[in-house]
Amino acid sequence: MRTHGTDAPAHGPLSLRAEMKERTGKNTARCYQCGKCSAGCPMAGETRLRPHDVMRLVNQDARARLLADESIWLCLTCETCTERCPNGCDPARTMDALREMALEASPGSPPRALLAFHRAFLDQVRWTGRSFELGLVADYKLRTGALLQDVATAPGLVARGKLGFVPHPIDGVKEVRRIFEACEEATRAASGKKEGA
Amino acid sequence: MARIGVFVCHCGENIGRTVDCARVAGEIGKLPGVVHSVDYKYMCSDPGQALIKQAIAEKGLTGVVVSACSPHMHERTFRRAAGGAGLNPFLCEMANIREHCSWIHEDREAATDKAIDLARVIVEKVKRNVPLETIRIPVEKRALVIGGGIAGIQAALDLADGGAEVVLVEKEPSIGGHMSQLSETFPTLDCSQCILTPRMVEVYQHPRIRLMAYCEVDAVEGYIGNFKVTIRQKARSVDETKCNGCGACQKACVVKNVPSEFDERLGKRTAIYVPFPQAVPNIPVIDREHCAYFKGRARGMKKDACGKCKEACARGAIDFAQEDRFVTEKVGAIVVATGYELYSIGKDQPAAGLKGYGEYGYGTVPDVIDGLQFERLASASGPTAGKLLRPSDGKVPKKIVFLQCVGSRDPAKGIDYCSKVCCMYVAKHTMLYRHKVHDGEATVFYMDVRAAGKGYDEFTRRAVEEDGAVYVRGRVSRVYRDGDVVKVLGFDTLNGTPVEIDADMVVLATAMRPRKGIEKLAQTLSVSYDRHGFINEAHPKLRPVETNTAGVFVAGACQAPRDIPDSVAMASAAAAKVLGLFSNEMLEREPTVARVDAALCAGCFHCERVCPYGAVEHKEVRDRKGNLLKVVADVNPGVCQGCGTCQATCPSKSVELMGFTDEQIYAEVNALAL
Amino acid sequence: MRVGYYPGCSLHGTARELDESLRAVAPPLGLELVEVNDWSCCGATSAHATSHLLSVALPARNLALAEEQGHDQLLAPCAACYNRLASARHAVACDAALAETIEDVLGRPFPSTVAPRNLVEVLRARLDLLRERAVRPLTGLKVACYYGCLLVRPSEVCSFDDPEDPVSMEEVVTATGATPVAWRRRLDCCGGAFSVARTGSVVRLSRAILDDARSAGADAIAVACPMCHSNLDFRQKALVRRGEAELPVLYLSELVGLALGLDAETLGLGRHFVDTKALVERALASKPGPAAKPGPRPSAPAAAAKPASPAAAGTEAV
Ligand SMILES: Cc1cc2nc3c(=O)[nH]c(=O)nc-3n(C[C@H](O)[C@H](O)[C@H](O)COP(=O)(O)OP(=O)(O)OC[C@H]3O[C@@H](n4cnc5c(N)ncnc54)[C@H](O)[C@@H]3O)c2cc1C
């Protein structure tokens, strides 16, 4: 027997709500669409889906629509929604999970500029153990082709001694690399298990 | 030797369809000690009962087992039948083969086997039953009502009109409760004071009501029909027998700036005061915390710092030396009607788990008020004489935003229930506002409008359709002071747009909570309460105004959020229950109560600690010369509810529950297992 | 008092002055900062936005290192690092399965005993010393204390102060002799991590914050987060409208340093984009405070009268 909308069906993928509970430990079914999250969201004026829309779509199992929508990438993770949610639904954490799922489903899905930034940032950490801003900006510019954007300010940063030129890899850089790999491995294994189920 | 008769009922098709009743009767008839076993279509019918009576007479039965429905349904019927035939009624028991068997099984064979088991178990029990006598206790035909809000007032009047004596205890200087603070009341918009004041006066003048205002219940002993209540009369510092309520003392009082509780701190009062002009009784009290005389005393001054009221009183009624007094009253029943208070959005909270609203300013923004404060601002007798003026600067607010569900339905703030009343009073507030400020804009943020009740939905629709209130569906994220206005940041979830309003005033419909200190009173009365502190009713559907303690009843908003019609209905229901109780000279109680074997009892009093009803007393055991041998537990049969907790806890096995002794229970278990 | 120190990447780059000023104020405040050996990046928003596991594992490595190196508290002056460290610890505490996975991924034991601390709570725990040693109280300076997001939210994770009405930064500012102003946007988001990739949003959000601080009459904004600092300071040139005065944005440690009598260069005040000279001169011109003279310790200025929330009480603080 299957309770309406709550349990996973015996065959086929988990409902989005059930998967969300697995990933975040939060029960999105507690959302009663009061909109307090959206009322406090600093990005609500810029996104197509607001936090409460996202919560509703999760509960309606609208996986494809959510994962393809740019809105989930425009969350600033300021946590205002989570702080004020009457029901402990944690919209911010839900958005985190949706982004992660979007990447797993289709690595090219996030907006180019944001993805480029995150990739550039994480690559640096992977290869040196830390991030260094000049390299980050350069890498980002190369990835996005926005070469001229913001260059006016970079010399200012240099003049103020704010940009280190040389990346200093840390001693444990190998360990950090291994952490990246282990995380990717674990994530692959988990999603493989889900598909196999 | 036992001579048991067994009567298996088909209950029409109810049992007969799934259980082979004839086989049950046949199998059970083979058991040792069973001398008579029959089945019949309807045992509860007259001919059915006649079968039982006849068998008792003819076969000299020493016990009867009726295999039929739940004892809740017909135990009384069959015991009466047995009694009618001269058998002690407590030698008759039921085996439930309907709810516990035929209704829940399909396989006829297996169900029949189970029905046989169930009947056999009860046969073994009945073999060990002993005759018991119904307990009879006299009834004190006076009632105590705790709390003088509309619920307490209604209960007291109904009781007194029904012929009972009533003691009405109110902890404030005047009765009236929250209803006396309201301006106009939904769903008819009639003036609250106008309908309440006559009832308050009636209470005061009723020959059978003893009004004890400015009093609190300190201790309660005894049991249904026989409570002994200790009441603390707090020192008014005014002699009630001399005061005629002329008001001269209040005019003379030098302390004039105490925030008025009645006006929800929006107005001021003197240190010697009556809460409001229509107060009942119209006798002032001195608030010693603020009184100049008492403050001087507290500071150790030798000379009197003040005495203006005393000088002004022509009747010499001011009595600075008065102290708290205690009186005891004997009553047969108690009605709890202590009402509610509003949830505060401040940082300080009265109970663990509750949180205030930092996002709404923790109560520090002067033009953010609660519903009761709005009532006072709208009330003709209020601090602004009924003119709607905002607290910060006394301007007429042109834009008011009302927020529903503040605290209510907000588990993150510690309250998950709906306060039920707010949807209605917010609609009322928008109307009152628009009636007073014609060009005012009223915006309501809501999640759902819950207006079930006669004329209720029509009322909330009127607020929108005729009085132009704008309803926005969404919870507000933030409220803060921004210069001259109060900013409200919300979201319209129906059209998907952020909403930002520059309001002149914001009214929060804060949750209704039980009164502070209610837990202590509930413990004094041995009644249970829920995790919020609301008094529990004995059964949510079938016993809505009784509590789990016999003789204690509940009415009004102390049981759950209630509006006036609900509170009054509950109060009348509680009064009817009490009058029903009082219609008996003696109370009959089932004898299934615990009994202590004084010889075995070691006096550890575990039973006393676990007893939910306070039924365990101490009894001294003395030898013939009168020397104290030991102190043992003793169960007061009037108080005991027969729950058996003491029996399960007693380490020396010296407590037994009559009708459910260990011997009987073991016999039942053995009958199943062996 | 020795405390583990986790500077984080930005303190070696754009937020160099936070590192410099903190190291400078530590000795007079009785703090010994012991940098964690071979620390690595916390993963920041990028890990958080893309992989939950990574966003826990990267901070966890640093907490594990701190633990191995004998610390029981770890000061992360960058609010973002602090938040990541605290979130990781919280996530592991709430999820036994995750805790196991993390140990596998790290290849180290992670008993998670080290408590992450932020700049504000560490300074707030030393108010007595600060008041005593504030030889150059910043009397008359009006400061808008800006918390932003990562110091206080989610309160499940960052419980050192009230999430909707924090007081600790104001208390520190009061102890420097300056006056905190009341303003509304001190908990709003500045646009944080979108600084590079979605500048438009940052401009909108940061401008609102600057406008509000300015209209509240602030002479400066105090921050405790490199991201907030870069959005408000580095981008301010692009944010101010014609004719508007610029508003210096100082790290809380810099303000504290000024009050302690340290010079602008040591505190890295020259590294700001919005000129801090006028402000520094004003501070230098201020009369030496009572602490310079022998005598009883001054009581907190009136603005400190706000009662400390119990959550903020420094009972288990450094
Ligand atoms: C803003 C607002 C507007 C409202 N408007 C309406 C309306 O228009 N129409 C409507 O039907 N309802 C309205 N209500 C609801 C209404 O107030 C309640 O239904 C009603 O007051 C409940 O009555 P009560 O007697 O149960 O409780 P209360 O009015 O709270 O009275 C309880 C009494 O018990 C006393 N008491 C408490 N503890 C003790 C103790 N330990 N010992 C002795 N005495 C004690 C109190 O002092 C008080 O006098 C409104 C409520 C609010 C908050």
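These numbers were taken from a predicted model, which means no experiment stands behind them. A, B, ... follow the sequence lines: proteins, then strands. Residue 1 opens every chain.
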| query | Given that the side chain runs from C-beta out, which part of Cys85(A) has a heavy atom under 4.5 Å from chain B: side chain, backbone, both or neither? | reply | backbone
| request: Let me know if Glu83(A) has heavy atoms under 4.5 Å from chain B in its side chain, its backbone, both or neither. | output: neither
Greater than 12 external heavy atoms within 6.0 Å of [X]'s [atom1]:
X         : atom1 : result
Lys487(B) : NZ    : yes
Arg108(B) : CZ    : yes
Asp348(B) : CG    : no
Glu465(B) : CD    : yes
Arg177(A) : CZ    : yes

| Okay, side chain of Tyr32(A), backbone of Arg409(B): is any donor-acceptor separation there less than 3.5 Å? | yes
What's the separation between atom [atom1] in [X] and atom [atom2] in [Y], rounded to the nearest 0.5 Å?
X         : Y         : atom1 : atom2 : result
Asp448(B) : Cys34(A)  : CG    : SG    : 10.5 Å
Arg84(A)  : Tyr357(B) : CZ    : OH    : 11.5 Å
Lys36(A)  : Asp410(B) : NZ    : CG    : 5.5 Å

| field | Heavy-atom contacts under 4.5 Å, residues 468-476 of chain B to chain A | value | Arg473(B), Gly474(B), Arg475(B), Val476(B)
| request: Find out whether the Lys NZ or Arg CZ of Arg50(A) is both under 6.0 angstrom from the six-membered ring centre of Phe491(B) and within 45° of the ring's axis. | output: no
| Who wins among Ser38(A), Cys81(A), Cys37(A) for the most heavy-atom pairs under 4.5 Å with chain B? | Ser38(A)
| So, for Ala44(A) and Pro498(B), which heavy atoms are closest and what is the spacing to 0.1 Å? | CB-CG, 4.4 Å
| message | Run the side-chain contact (heavy atoms from CB on, under 4.5 Å) test on His52(A) and Thr493(B) for me, step by step, so that the C-alpha distance in whole Å, both residues' side-chain angles and the decisive distance to 0.1 Å come before the verdict. | response | CA-CA 8 Å; His52(A) 80 284; Thr493(B) 56; 3.9 Å; yes
